[in-house]
Structure formats: structure tokens, C-alpha cells
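Source: prediction; values computed, not measured.
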Amino acid sequence: MNLHMYPGPLYDVNVEISCPQFLDALVMYAENRWKGLLAKELQVVEVVTFDYPYISGGKRGAPPKVEKLVDFHVEVVKKTLAKYPGHPLVLAGKSMGSRVSCMVVGEEGLGASAVVCLGYPLKGMNGAVRDETLLQLTVPIMFVQGSKDGFCPLEKLEPVRKKMKSNNELHVVEGGDHSFKIVKKHLQSTGSTQEDAEDHAVHAIAMFVSKYI
């Protein structure tokens with residue numbers, strides 16, 4: 001799932017969020033919940049969603065290599081920019097979508113102001129740290145990561161952040177997994193709710209975005 005958010009009265013910004021790694025049962029929840037939260041916090045007036053071809057139409061095929069998604073992603077972004085010419089652009093993505101966003105942000109002519117990564121998949125299937133794309137970035141980037149996200153252990157992300165050229169920030173969803181889901185026991189021990197954690201994450205994103213647009 002990808003979302004574009006168009007300019008509102010406070011922030012003159014487009015935002016795209018992609019989350020192809022969500023389970024099908026969670027896609028509609030994630031789409032509606034995060035669309036609403038981000039639209040309200042960033043005061044945007046329109047949110048448009050799109051999926052990558054391999055998961056469009058409710059069907060999920062085998063995911064291609066991430067590089068093959070870049071061209072499709074770029075074309076969608078260009079159509080968004082054409083609809084609102086002259087407005088700043090912030091790219092954001094969930095899981096694989098965040099990795100693709102980091103690849104897309106450097107494409108000539110897009111001029112993105114920042115990137116927001118929701119659950120960046122730092123570890124590959126073989127366990128290797130995939131930091132090449134991150135180390136090449138020059139635009140500001142924010143990571144929103146669950147503290148129990150096996151695809152991006154925080155102890156592996158920290159040295160990568162220190163090596164990065166771009167300004168970068170981290171917001172941790174305590175107890176959250178790759179999809180920011182927090183187990184009931186953790187929520188009870190902290191006296192918080194899943195919604196509280198998501199609200200805090202969205203507020204952190206809004207604060208980050210406000211620095212660079």
C-alpha cells in the first residue's frame with residue numbers, strides 16, 4: 001500500500017507511504033488508521049493510495065527484486081507531482097516500501113525534501129545488513145521502528161545511522177514488532193494502548209517533517 005498526501009493549510013507537502021509487507025488482513029486497517037492519523041497531524045487535504053503491481057487487486061504474487069519496483073514507484077511520484085506542481089514532497093514507506101522510497105528519493109527531478117521509513121527492513125533474508133542505499137542518502141531521513149522488529153534490530157541500525165551522511169532521526173515504538181504491533185502484556189505493564197503508540201509515532205513524524213519543508 002502506498003499513500004500520497006496532498007497540501008493542507010499548515011504543511012504544504014505531499015507524502016507517500018508504502019507498506020506492501022503488511023498481511024492482507026491488516027492492510028485496510030493500516031491504510032485507514034495511518035491515513036487518518038497522518039492527514040490530521042500534517043493537516044493535509046487529500047490522501048491517495050496505491051499498491052505495487054505484484055500485490056494489486058487483492059492478489060499477492062511473489063515479490064520481485066526491490067530494484068524492479070523503483071521505476072513503477074518513480075512514475076507514481078511523478079504523476080503526484082504533476083497534480084500539484086511546485087509543492088514539496090516527502091517520501092515515506094512501510095517495510096519494502098521504505099527501502100524503495102530511499103532508492104527513489106535520489107532520482108533526478110523529484111526533489112524530495114525528506115524520507116520517512118516505517119519499519120525499514122535493514123536485515124536481508126540471509127541476515128546480512130543492507131545499508132548501501134542508506135549510506136548514499138543525502139536528504140533527511142526518519143526511522144520509525146518497533147523495538148522488537150526482527151527485520152531491523154536497533155543495535156544494528158545504530159552504527160548504520162552513525163555512518164550515514166544525511167541527517168537522521170529515530171522514533172522507537174517500544175514493544176512493537178515489524179508492523180508496530182505491541183503484545184497485550186507489554187501494553188498492560190506500561191498502562192498504554194496500541195493507539196497511544198501510533199499517535200506518538202505520527203506526532204514524531206509530523207515534528208520531523210516540519211523541520212524540512
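The OG atom of Ser101 sits 12.0 Å away from the CE atom of Met96 when rounded to the nearest 0.5 Å. Note that NE2 of His171 is 12.5 Å distant from CE of Met207, once rounded to the nearest 0.5 Å. Glu195 CD to Ile182 CD1: the interatomic distance, rounded to the nearest 0.5 Å, is 9.5 Å. Remark: Lys40 NZ to Asp199 CG distance equals 8.0 Å, nearest 0.5 Å. Ser98 contributes atom OG, which lies 10.0 Å from atom CE of Met103 (distance to the nearest 0.5 angstrom). Between the OH atom in Tyr120 and the CD atom in Gln145 there is a gap of 10.0 Å [rounded to 0.5 Å].
Note on residues 141-157: no pairs pass salt bridge (charged side-chain N to carboxylate O under 4.0 Å, His left out), not counting sequence neighbours. Within the structure, every pair that satisfies the ring pair (Phe, Tyr, Trp, His ring centres under 6.0 Å) test and touches residues 188-213, not counting sequence neighbours, is listed here: Phe208-Tyr212.
You'll find the side chain of Thr190 stays beyond 4.5 Å of the side chain of Glu174, heavy atoms only. For the pair Arg161/Leu170, a side-chain contact is recorded, criterion being any heavy-atom separation below 4.5 Å from C-beta on. In this structure the side chain of Val70 reaches within 4.5 angstrom of the side chain of Glu107, judged on heavy atoms. Within the 4.5 Å cutoff, the side chain of Leu154 has no heavy atoms near those of the Glu158 side chain. By the 4.5 Å heavy-atom criterion applied to side chains, Leu89 and Ser113 are not counted as neighbours. With contacts defined as side-chain heavy-atom distances shorter than 4.5 Å, the pair Met142/Cys117 does not qualify. Using a 4.5 Å cut-off on side-chain heavy atoms (C-beta onward), Phe151 and Leu122 make no contact.
Under the side-chain contact (heavy atoms from CB on, under 4.5 Å) criterion, Lys211 pairs with Glu169, sequence neighbours left out.
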Exercise for the section: Determine, step by step, whether Val116 and Phe143 satisfy the side-chain contact (heavy atoms from CB on, under 4.5 Å) criterion, reporting the C-alpha distance in whole Å, the side-chain angles of both residues, the deciding distance to 0.1 Å, and the verdict. Expected result: CA-CA 6 Å; Val116 177; Phe143 298 96; over 6 Å; no
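Of the listed residues (Leu137, Val139, Thr138), just one forms a side-chain contact (heavy atoms from CB on, under 4.5 Å) with Ile141, and that residue is Leu137.
Judged by distance alone, the side chain of Asp131 and the main-chain N or O of Leu134 form no donor-acceptor pair under 3.5 Å. No donor-acceptor pair closer than 3.5 Å links the side chain of Ser166 to the backbone N or O of Pro140. Side chain of Arg130 to main chain of Pro121: a donor-acceptor pair is present (N/O by atom type, distance under 3.5 Å, no hydrogens or angles).
Closest heavy-atom contact between His178 and Ser95: NE2-OG, 2.7 Å. Of all heavy-atom pairs spanning Val90 and Val209, the tightest one is CG2-CG1, 4.2 Å. Among all heavy-atom pairs drawn from Leu118 and Ile205, the shortest one is CD2-CD1, 3.8 Å. Considering every non-hydrogen atom in both Asn168 and Met164, the closest pair reads ND2-CB, 3.9 Å.
In the hydrophobic clustering of ILVMFWY residues, with side-chain heavy atoms under 4.5 Å counting as a link, Val115 and Leu135 come out together.
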